[in-house]
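To start, the structure itself, in structure tokens.
In listed order, ligands and their atoms are each counted from 1. All of these numbers come straight from a predicted model, not from anything done at the bench.
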Amino acid sequence: MVRLDNLTVSYRRHPALHHVSGQFARGSLTAVVGPNGSGKSTLLKSTMGLLRCGPGQIHVAAPRERIAYLPQLTEIDRTFPMAVRDCVSLGGWPRQGAWGGVDEAALRRVDEALEAVGLAGFATRTIGSLSSGQLQRVMFARLLVQDAELILLDEPFTAMDSKTTATLLALVQRWHAEGRTVIAVLHDDAQVRAFFPQTMLLARECIAWGPTSQVLTEPLLSKARNMAEAWDEQAEICTVDQPAPARNTLEAAV
Ligand SMILES: Nc1ncnc2c1ncn2[C@@H]1O[C@H](COP(=O)(O)OP(=O)(O)OP(=O)(O)O)[C@@H](O)[C@H]1O
């Protein structure tokens, strides 16, 4: 579904991610983990086409309108005066088109999505009046309406209480069971072990990528921590001369 070929992504010529190769198989459920600043959000933004890549490339085998992206909650402008129902119905724009009306079937889908995330009755509230956990539920409802093939989640459970986390994790499991491809940036190793069959471990480069039990090992986690701590903002543009070999064979593994 997503193939990375020697992918490098830089900010002001400093690579946040470099020489990463491998693939996220169609229908796979993968956690992307690594220390702060290891390139996890950069990977999702690049996959969404929000950042320029190079050298290397990302190939996504899904049309843009079938890709859903949930940024970190801190990147969402909740001061925008928008009702919950309108926010969720935005997930339907690929189906309705930018100028298409929201018909009864679309409204029903929005109400069903709100019910699925435990927010029935919140449709007319403004998004600015919601708690962080409620807003995250709204964003998941929007993903439900979007009906995407590829779902990219950036720290979707951060600062959520256990009930909200359980509700949203159940949705992720449902998407996986439906054959959608889900890639989620996470920081909770226990959660990753319990719910995510595949893991990619980053520290600007790919340290390991494959079955979670083989990736979340102390030696590999320690290697990632050491590499992140050793990173220097003033470092030369790239310290890797040769493309790294592909880190996983998910097509076969999943
Ligand atoms: N817009 C930007 N301009 C310049 N540098 C950036 C920008 N965004 C990210 N970076 C740098 O790129 C590196 C990777 O950032 P990224 O946000 O991808 O890390 P992350 O693994 O998602 O971190 P965290 O766990 O803290 O969210 C960091 O060193 C960061 O400072």
Gap between atom CG of Leu150 and atom CE of Met48 - 0.5 Å precision: 8.5 Å
What atoms of ligand 1 come within less than 4.0 Å of a heavy atom belonging to [X]?
| X | answer |
| --- | --- |
| Arg12 | 3 (N), 4 (C) |
| Ala16 | 12 (O), 13 (C), 14 (C) |
| Ser38 | 19 (O), 20 (P), 21 (O) |
| Pro35 | 21 (O) |
| His187 | 25 (O) |

Report yes or no: does [X] have a heavy atom closer than 4.0 Å to ligand 1?
| X | value |
| --- | --- |
| Arg204 | no |
| Lys45 | no |
| His14 | no |

Backbone or side-chain N or O of Gly34 under 3.5 Å from ligand 1 N or O: no
N/O separation below 3.5 Å, Gly37 to ligand 1: yes
Arg125: partners by side chain to side chain donor-acceptor pair (under 3.5 Å), with sequence neighbours left out: Ser129
Test: [X] and [Y] ion pair at under 4.0 Å:
| X | Y | value |
| --- | --- | --- |
| Glu218 | Lys223 | no |
| Arg85 | Asp111 | yes |
| Glu155 | Lys40 | no |

Note, Leu43 side chain near Leu7 side chain (heavy atom, < 4.5 Å): yes
Test side chain to side chain contact (heavy atoms under 4.5 Å, CB included) applied to Leu70 and Ile151, Leu153, Val185, Asp154, the passing residue: Leu153
